[in-house]
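Before any comments, here is the structure.
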Amino acid sequence: MMDQPLASRPGSMPRIDAAQLNADIEATAHFGGAGNGGVSRLTLTPEDKAVRDWFTACCLELGCNVGVDPIGNLFACYPGRNPALPAIMTGSHLDTQPGGGRYDGILGVLAGLAVLRALKSSGLVTEHPLTVVNWTNEEGSRFSPAMFGSGVHAGATALDEALAVRDHAGISVGQALEAIGYRGSHVDRQAPVAYVELHIEQGPVLEAEGIAIGAVTGVQGLRWFDVVIEGTESHAGSTPMANRRDALTAAARLILDVEAIGRAHAPGVLTVGHADTFPNSRNVVPGQVSLQIDMRHPSEAGLDAMEAALRQAVAGQADSRIERIWAKKPVAFDPACIEAVRQAAADCGLSCRDIASGAGHDAAHMATLAPTAMIFIPSRDGLSHNEREYSSPRQCADGAAVLLRTLLELDRRLA
């Protein structure tokens, strides 16, 4: 008997296999597993290749067409009833931070896989094709900037520029893709009809309020800065305190200024995440310090005010310079897609609240191509980018169930 569309099968709602989803989370945590529950799976490494191979095999087994584009983005397309319709897309990323967790990013990919399994198991066929995507280099921990896989797809980043980026060892993105066999030729820039991404919150709000689901309204804007403070390296024993030009002391003052600026511009946040000291020797007065600074705010005006204050603080340190190296504007998600998430949560009997994302996500790039929304589930203690990152099997399954219902509702509305 031919499969019937959802509208004619009101009692046939597919169900997420919670046990299988949890098994997938456990299985993929071994690719780059740190032995203490955490995962270090930097993009385009052998560990990344292994998890990509695993994901590809799962999707092929489900009957997906799997394509890889020139920046290494993986697209697994599950056929719908009408191949002429553009796909509805979901997914996230498989790479992690060094010493990261087993949920950040990959949950969205595995939940997409769980949705396809639920559809196949139930026999239900959507009108639109459904595509589950793994975006290359969401984290930006090996290659900077972050999110350039989705950025290339959305046209925000030039392919040649992304391929030429090098890591600290001098290896380019193009070389790394070749090394793991994921520099593809599949190019399909067709915009999806909608994009929905499931992710852990990476913050404390949902857990603190006892809320199961966050309907994400948008993503904060962000700006990255490099700051260099010059001093004079000299002997720690023979240079009197009054004669020193200690770059690290100046950097310490600036770091405290950064903290104060962030607090003064709430809900914005400002972080010194990395520092290099030269010559970094116990008995030498530091001659140079380089700082990497991350700035985020929900509004462009807030970002402008924070940047002005930061530049004034840097100017207050002698022989210092600042460069903005990357910026992304705040993104507001599609109201109809957000409402579909709210309704899906209600249909699942789950509490839900609107929430803004403090972290950057590939969904921010996709929002420039198609109506977009995100779904958050709670993070224990608000932790992410941390080996203790944790969301329970029930919370993960709840998120996947809301994702499934959201995708089905969008399929119905947009057909």
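Small disclaimer: the values here were computed from a predicted structure and weren't measured.
A donor-acceptor contact closer than 3.5 angstrom links the side chains of Thr45 and Glu47. A donor atom on one side chain and an acceptor atom on the other are found under 3.5 Å apart for Ser150 and Asp362. Inspection of the Gln202 and Ser379 side chains reveals no N or O donor paired with an N or O acceptor under 3.5 Å.
Side-chain contact check for Ile171 versus Arg142: some heavy-atom pair is nearer than 4.5 Å. Side-chain contact between Ser391 and Leu107: absent, with no pair of heavy atoms (C-beta onward) separated by less than 4.5 Å. The closest side-chain heavy-atom distance from Cys64 to Leu116 is below 4.5 Å. Using a 4.5 Å cut-off on side-chain heavy atoms (C-beta onward), Leu44 and Val173 make contact. Residues Ile88 and Val193 are in side-chain contact: their nearest non-hydrogen atoms beyond the backbone lie under 4.5 Å apart. Looking at Val289 and Val228, their side chains never come closer than 4.5 Å, going by heavy atoms from C-beta outward. No side-chain heavy atom of Asn280 sits less than 4.5 Å from a side-chain heavy atom of Pro286. Taking 4.5 Å as the limit, every side-chain heavy atom of Pro330 sits out of range of all side-chain heavy atoms of Pro298.
In this structure, Met147 CE and Glu138 CD are separated by 6.0 Å, a value rounded to the nearest 0.5 Å. Of the inter-residue distances, the one linking Arg405 atom CZ with Ile16 atom CD1 reads 10.5 Å to the nearest 0.5 angstrom. The CG atom of Leu206 lies 7.5 Å from the CD1 atom of Ile211; values are rounded to the nearest 0.5 Å. Here the straight-line distance linking atom CG of Leu369 with atom NE2 of His365 works out to 10.0 Å at 0.5 Å rounding. Leu42 contributes atom CG, which lies 9.5 Å from atom CG of Asp167 (distance to the nearest 0.5 angstrom). His385 NE2 to Ser141 OG: the interatomic distance, rounded to the nearest 0.5 Å, is 8.0 Å.
Classification of Arg52 and Asp95 as a salt-bridged pair fails, no side-chain N sitting under 4.0 Å from a carboxylate O. The pair Arg380-Glu389 fails the salt-bridge criterion, with no side-chain N (NZ, NE, NH1 or NH2) lying under 4.0 Å from an Asp/Glu carboxylate O. Remark: Arg342 engages Asp354 in a salt bridge, criterion side-chain N to carboxylate O under 4.0 Å. In this structure, Arg412 does not pair ionically with Glu127, as no charged nitrogen and carboxylate oxygen lie closer than 4.0 Å. Using a 4.0 Å cut-off between charged side-chain N and carboxylate O, Asp53 and Lys49 make a salt bridge. At a threshold of 4.0 Å, the pair Arg41-Asp104 does not count as salt-bridged, since none of the basic side-chain nitrogens sits closer than that to a carboxylate oxygen. Using a cut-off of 4.0 Å between Lys/Arg side-chain N and Asp/Glu carboxylate O, Asp294 and Arg296 are scored as salt-bridged. With respect to the salt-bridge test (charged N to carboxylate O, under 4.0 angstrom), the residues Glu307 and Arg311 qualify.
In this structure, Thr406 contributes its side chain and Val402 its backbone to a donor-acceptor pair below 3.5 Å. The backbone N or O of Asp276 lies less than 3.5 Å from no partner atom in the side chain of Ser290, so there is not a single donor-acceptor pair. Not a single donor-acceptor pair under 3.5 Å links the side chain of Thr90 to the backbone N or O of Gly112. Arg388 contributes no side-chain N or O that, together with a main-chain N or O of Leu383, makes up a donor-acceptor pair within less than 3.5 Å. A donor-acceptor contact shorter than 3.5 Å is absent between the side chain of Gln20 and the backbone of Asp17. Under a 3.5 Å cut-off, the side chain of Asn137 and the backbone N or O of Thr43 do not form any donor-acceptor pair. Tyr182 contributes no side-chain N or O that, together with a main-chain N or O of Ile71, makes up a donor-acceptor pair within less than 3.5 Å. Panel note: side chain Glu201, backbone Val205; a donor-acceptor pair is recorded below 3.5 Å. Remark: the backbone N or O of Val39 is paired with a side-chain donor or acceptor of Thr96 at under 3.5 angstrom. Side-chain atoms of Ser351 come within 3.5 Å of backbone atoms of Ala212 as a donor-acceptor pair (strictly under, hydrogens ignored).
Across Ile355 and Gly214, no two heavy atoms sit closer than the pair CG2-CA, 3.8 Å. In plain terms, the two heavy atoms of Thr368 and Ala154 that are nearest each other are OG1-CB, 3.8 Å. When every heavy atom of Ile261 is checked against every heavy atom of His265, the shortest pair comes out as O-ND1, 2.9 Å. Across all their heavy atoms, Pro79 and Gly63 have their closest contact at CD-O, 4.0 Å. The shortest heavy-atom contact between Gly91 and Tyr195 is O-OH, 3.3 Å. Summarising the geometry of His199 relative to Gly105, their closest heavy-atom pair is NE2-N, 3.4 Å, with the distance given to 0.1 Å.
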Original post:
Given the rule in the side chain to side chain contact (heavy atoms under 4.5 Å, CB included) test, do His93 and Ile106 qualify, once you have shown the distances and angles that lead to the verdict?
Top reply: CA-CA 5 Å; His93 60 98; Ile106 194 168; over 6 Å; no
**OP:** Carefully, step by step, assess Glu323 and Phe225 under the rule side chain to side chain contact (heavy atoms under 4.5 Å, CB included).
**Re:** CA-CA 5 Å; Glu323 178 185 6; Phe225 301 89; over 6 Å; no
**OP:** Test Asp24 against Arg117 for salt bridge (Lys or Arg N to Asp or Glu O under 4.0 Å), laying out the working first.
**Re:** CA-CA 12 Å; Asp24 288 345; Arg117 285 182 170 142; 2.5 Å; yes
Subject >> Step-by-step side chain to side chain contact (heavy atoms under 4.5 Å, CB included) determination, Val258 to Leu310 >> reply: CA-CA 7 Å; Val258 165; Leu310 174 62; 3.9 Å; yes
**OP:** Determine, stepwise, if the pair Glu339 / Arg413 fulfils salt bridge (Lys or Arg N to Asp or Glu O under 4.0 Å).
**Re:** CA-CA 12 Å; Glu339 179 55 35; Arg413 292 184 190 180; 5.8 Å; no
**OP:** Would you check, one step at a time, whether the test side-chain hydrogen bond (donor to acceptor under 3.5 Å, both in side chains) holds for Asn73 with His153?
**Re:** CA-CA 8 Å; Asn73 296 321; His153 184 79; 5.1 Å; no
Subject >> Residues Leu414, His128; criterion side chain to side chain contact (heavy atoms under 4.5 Å, CB included); working and verdict >> reply: CA-CA 9 Å; Leu414 300 172; His128 295 81; 3.9 Å; yes
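The aromatic rings of Phe143 and Phe148 lie tilted to each other, with the angle between the two planes from 30° to 60°.
The six-membered or imidazole ring of Phe75 lies near that of Trp135, with a centre-to-centre distance under 6.0 Å.
At most 12 heavy atoms of other shown residues, nucleotides or ligands fall within 6.0 angstrom of atom CZ in Arg15. Summarising the local packing, CD of Glu26 is surrounded by more than 12 heavy atoms from other residues, nucleotides or ligands at distances under 6.0 Å.
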